[in-house]
Asker: 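Starting off with a structure, shown below.
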Amino acid sequence: MNCLNSSHLRHVKFLKYVHLSLRKSSSFLINDSKYSFLKELGLNEENVGVYDGQWDANGNITTSFCPANGLPIASVRNGNEEDYDRCVSNALEAWKIWSDIPAPKRGEIVRQIGSAFRQKLEPLGKLVSLEMGKILGEGIGEVQEYIDICDYAVGLSRMFNGSIFPSERPNHIMLEQWNPLGLIGIISAFNFPVAVYGWNSAISMVCGNVVIWKGALTTSLTSIATTKILASVLEKNNIPGAVLSLCTGDVDIGMSMVNDKRVNLVSFTGSSSVGQKVGVEVQKRFGRVLLELGGNNAIIVTPDANLEMVSQSVVFACCGTAGQRCTTTRRLILHKSIYNTVLVNLVKAYSNVLKRLGDPLDITTLYGPMHSLTAVENFKQAISEAIEAGGQIEFGGKVLDKDGYFVEPTIISGLKYDSPVMCRETFAPIVYVLKYDTLEEAIAWNNSVDQGLSSSIFTNDIGTVFKWTGHKGSDCGIVNVNIPTNGAEIGGAFGGEKHTGGGRESGSDSWKQYMRRSTITINHGSGLTLAQGIKFE
């Protein structure tokens, strides 16, 4: 999830070198008929990772690997500094054309983009599963999110609302108008290589902005396939391709975007530690930043909750995407009266999930791999630290001895709510189980961590619902009742508080982050009147 962590990327590159050294005689998966959908998406053995109306890249070559088996899928020629600069320059030229197109007409282009993704829903969803590692249903569901936000953006293109305010001065009127920012930079993470870009780009487009995108290095094929679909729509409508530019690459490309005064807003998805650095650097140049960072999400279960619903929800919340969603449940806070019942049910459910571990492209698979060896190492480190702190493994805790990057989904009990390992987000399928006495205690524990993304409570008490959603309840950006912490819909604003960054993407009034506001006062009379009754004569 850390898009700009140089030590992490060096480690990934080293692992890729090892893979290639060990598999020199192996062919890319793209040449295997099992993965024919890759060529259906326009991918080749070596792919160009830069698009600004033309496909041209001059940087290093990296190889993308399948986390389910460790085999190479295909390679990518990334962009370098010169490629990035060209993309930005061409995007700014494209903005002069794009911003003059009426918003509903821009919405029509986005409508066509949604239709194009509908046609490629299954093959692109399969690529997400192959390259990221999430199961097929989730891979297809992620592409569906892009389609859904396109539908939303089309409607939005006819609904941008300004305001009219009464003036204290005679023959005056006050207006509020929103205008596009210009160039939006998007740095997305490996775990949602399509949807997060879609949330940002579809809304940005109807607002009148142009975009430059740097996806995660380890999901570059998905970035390229996505951009090929976008390019086909732009070209068909004689729209400059640089409206939606792509520049894959290493940390240097991301840092160029962060430090570039020409980029009016940087939307960054990644870890809290890196996001803080991104925010500071963008602020130094007085740019705007939209941060969607780490989550340390909790579910509270009250004594009156529907425990059958709890079991179903918690399994998806903890095991979905192998624990690699920013909204994954990492803490389960159970009332003491139902603690043992819920824990027993959860262990049983985890046993069933483990039976359906396997190839993400197999429709019967329910639980896939971690995305990388680095993620597996982080899993092992967290397990070791939890045990040293007195934690007890109720289920899982092991790395599986098989091809790919598979670990057991893990349940840990016996730790205090403020244990360092529990207060830190580990991007892995580990959930810590806590036992509480009072609702006030449970809410305090929910709010005790630095992150503030998602939260949920299971209860049938209406008073508890309003306490949870009120000013003394959850301090997160997403506050759910009787549903998991993950699986957000596109209609609401997505994002969190505190170390999660404060940014909002997708629905509600998130569009305002991609625009600038002007307060306009018009004197339509023949005399000059000053505000506050001032006389200056």
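Since the structure is predicted, the reported quantities are computational estimates derived from the model, not experimental observations.
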Asker: Under 3.5 Å, is there a donor-acceptor pair between the Y146 and S201 side chains?
Answerer: yes

Asker: Using the salt bridge (Lys or Arg N to Asp or Glu O under 4.0 Å) rule, take R424 and E385 through it: C-alpha gap first, then chi angles, then the decisive distance, then the call.
Answerer: CA-CA 11 Å; R424 184 182 68 246; E385 186 176 341; 2.9 Å; yes

Asker: Check this for me, if you would: do E441 and K336 make a salt bridge, where the nitrogen-to-carboxylate-oxygen distance has to be below 4.0 angstrom?
Answerer: no

Asker: Does either side chain, that of N486 or that of T328, offer a donor lying less than 3.5 Å from an acceptor on the other one?
Answerer: no

Asker: So, using salt bridge (charged side-chain N to carboxylate O under 4.0 Å, His left out) as the criterion, who are the partners of K355 when residues are at least two apart?
Answerer: none

Asker: Could you go step by step and tell me if E122 and K126 meet the salt bridge (Lys or Arg N to Asp or Glu O under 4.0 Å) rule?
Answerer: CA-CA 6 Å; E122 185 171 326; K126 286 181 177 180; 3.3 Å; yes

Asker: Under 6.0 Å between ring centres: does that hold for F494 and W199?
Answerer: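 Yes, the ring centres sit under 6.0 Å apart.
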
Asker: Starting from the C-alpha separation in whole Å, work towards a yes-or-no answer on salt bridge (Lys or Arg N to Asp or Glu O under 4.0 Å) for D252 and K214.
Answerer: CA-CA 11 Å; D252 56 333; K214 178 198 174 301; over 6 Å; no

Asker: Determine whether a donor-acceptor pair (N or O, by modelled atom type, separation under 3.5 Å) exists between the side chain of S129 and the backbone of G125.
Answerer: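 Judged by distance alone, yes, a pair lies under 3.5 Å.
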
Asker: Does a donor on one side chain and an acceptor on the other come within less than 3.5 Å for T485 and N480?
Answerer: no

Asker: What pair of heavy atoms forms the shortest contact from V421 to A382, and how long is it?
Answerer: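 Result for this residue pair: CG2-O, 3.8 Å.
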
Asker: Do you know the tightest heavy-atom contact between K402 and L357?
Answerer: NZ-CD2, 3.8 Å

Asker: Does any part of the side chain of V399, heavy atoms only, come nearer than 4.5 Å to the side chain of F406, both counted from C-beta?
Answerer: no

Asker: Does M370 reach the side chain of V407, with side-chain heavy atoms less than 4.5 Å apart?
Answerer: yes

Asker: For this output row, return yes or no: ring centroids of H335 and Y436 closer than 6.0 angstrom.
Answerer: yes

Asker: When rounded to the nearest 0.5 angstrom, what distance separates CD1 in I300 from CD1 in I333?
Answerer: 5.0 Å

Asker: Roughly how far apart are S272 OG and E292 CD, rounded to 0.5 Å?
Answerer: 9.5 Å

Asker: Between the side chains of N200 and S267, is a donor N or O closer than 3.5 angstrom to an acceptor N or O?
Answerer: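 Yes, side-chain donor-acceptor contact under 3.5 Å.
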
Asker: With no hydrogens and no angle check, do the side chains of E131 and T219 hold a donor and an acceptor under 3.5 Å apart?
Answerer: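 Not at all, the side chains of E131 and T219 share no donor-acceptor pair under 3.5 Å.
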
Asker: Nearest 0.5 angstrom please: L124 CG to I229 CD1, how far?
Answerer: 5.0 Å

Asker: Cation-pi check for F117 against K120: NZ or CZ below 6.0 Å from the six-membered ring centre and within 45 degrees of the axis, yes or no?
Answerer: no

Asker: Taking atom CG of L221 and atom OG of S75, what is their separation to the nearest 0.5 Å?
Answerer: 8.0 Å

Asker: Do E440 and K472 sit within salt-bridge range, that is, some charged N less than 4.0 Å from a carboxylate O?
Answerer: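 No, E440 and K472 are not salt-bridged.
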
Asker: Strictly by modelled atom types, are T500 and Q451 linked by a side-chain donor-acceptor pair under 3.5 Å?
Answerer: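 Looking only at side-chain atoms, Q451 and T500 do not form any donor-acceptor pair under 3.5 Å.
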
Asker: Considering all heavy atoms of both residues, which atom of G463 and which atom of D461 are nearest to each other, and what is their separation?
Answerer: N-OD2, 3.1 Å

Asker: Any donor-acceptor pair under 3.5 Å linking the side chain of N345 with the backbone of S311?
Answerer: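 No: the side chain of N345 does not pair with the backbone of S311.
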
Asker: The test is salt bridge (Lys or Arg N to Asp or Glu O under 4.0 Å); show your working for D362 and R356 and say whether it passes.
Answerer: CA-CA 10 Å; D362 185 334; R356 296 178 64 182; over 6 Å; no

Asker: Taking the six-membered ring for Trp, are Y350 and F395 parallel (under 30°), tilted (30 to 60°) or perpendicular (over 60°)?
Answerer: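 Perpendicular, since the angle between the ring planes exceeds 60°.
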
Asker: Nearest 0.5 Å please: distance from the CD atom of E145 over to the CD1 atom of I140.
Answerer: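 Here the rounded value is 13.5 Å.
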
Asker: How many angstroms lie between atom OH of Y432 and atom CG of N296, to the nearest 0.5 angstrom?
Answerer: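 Between atom OH of Y432 and atom CG of N296 there are 8.5 Å.
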
Asker: Is it the case that the side chains of S510 and E505 hold a donor-acceptor pair, with the cut-off being a distance below 3.5 Å and no angle test?
Answerer: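 No pair is found: no donor N or O on one side chain lies under 3.5 Å from an acceptor on the other.
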
Asker: Show the nearest heavy-atom pair for residues G249 and L217, with the distance to one decimal.
Answerer: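 Here G249 and L217 meet closest at O-CD1, 3.5 Å.
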
Asker: Take atom CD in E46; do more than 12 heavy atoms of anything else shown fall under 6.0 Å from it?
Answerer: yes

Asker: Side chains of T248 and N78: is there a donor and an acceptor less than 3.5 Å apart?
Answerer: yes

